Amino acid sequence: MAITDDLRKTFSDPTPLYFAAGTADLALQQAKKVPALVEQLRAEAPARIEAVRNTDPKAVQEKAAGRAKEAQATLQTRVNEFIGNLDVDLKKLGENAQDLALRGVGVAAEYAVKARETYERVAEHGEQAVKTWRGEAAEEIEDLAIAVEGKPDPVAPEATTESAAARKPAAKKAPAPRKAATPTTKKTTPPAK
């Protein structure tokens with residue numbers, strides 16, 4: 001019974017649908033920005049292409065070679081410093097590993113909390129988007145239902161149960177069991193001459 005209740009609760013929860021609607025609405029909002037970005041790139045493209053055409057390939061090559069030499073020298077210096085400062089104390093390494101593992105767990109928990117908060121924000125956005133898409137018809141229907149049914153009287157619970165009992169459909173009676181059909185022989189009449 002608990003599994004059925006869990007499934008019913010899962011399938012009746014609209015939050016994932018609201019999340020999907022919120023995601024679609026946010027994607028639509030971002031897609032509306034694309035034409036402006038394309039126009040901006042179209043306006044800037046000729047200047048950028050001209051700058052690339054006017055660049056001397058030898059100057060670019062010399063600049064890249066100089067940066068590569070600097071990076072190699074810096075890397076060699078840092079590797080030498082690292083090897084010189086390497087601490088072989090296993091206890092300290094173990095403590096550092098344990099500390100890093102605990103930090104990793106903390107970071108993972110923090111990301112899980114942030115993901116849940118983001119999921120809930122997008123779902124709320126989706127709920128608002130769905131309400132906007134529907135218009136205010138849902139609120140009008142609710143007001144109409146309250147006007148037709150009337151608000152239940154909290155003072156007289158007997159009246160509420162009586163009206164609820166009156167609204168329940170009458171129990172259907174089971175049909176009478178059928179009798180077993182007995183095979184009958186069919187009389188055939190001879191054809192008229």
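For reference, positions follow the sequence shown, starting with 1. The shown structure was predicted, so the numbers you read here are calculated from the model rather than taken from an experiment.
Residues E44 and Q40 have side chains that bring a donor and an acceptor to within less than 3.5 angstrom of each other.
Put simply, CZ on R53 and CD1 on I49 are 6.5 Å apart, with the number rounded to the nearest 0.5 Å. To the nearest 0.5 angstrom, T74 atom OG1 is 14.0 Å from K69 atom NZ. Interatomic distance, CD of E127 versus CG of L17, reported as 11.5 Å (0.5 Å rounding). A distance of 7.0 Å separates CZ in R48 from CG in L41, rounded to the nearest 0.5 Å.
Residues F19 and L26 share a hydrophobic cluster, clusters being chains of Ile/Leu/Val/Met/Phe/Trp/Tyr side chains in contact below 4.5 Å.
At most 12 non-hydrogen atoms from other residues, nucleotides or ligands lie less than 6.0 angstrom from CD of Q98.
A 4.5 Å side-chain heavy-atom check between T15 and Y119 finds at least one atom pair inside the cut-off. Counting heavy atoms from C-beta on, the side chains of N54 and E50 come closer than 4.5 Å.
A salt bridge is defined here as a Lys NZ or Arg NE, NH1 or NH2 lying under 4.0 Å from an Asp or Glu carboxylate O, and R42 with E39 meets this definition. E62 has no carboxylate O lying under 4.0 Å from a charged side-chain N of K58, or vice versa, which leaves the two without a salt bridge.
Here the closest heavy-atom approach between residue P35 and residue A31 is recorded as CD-O, 3.5 Å.
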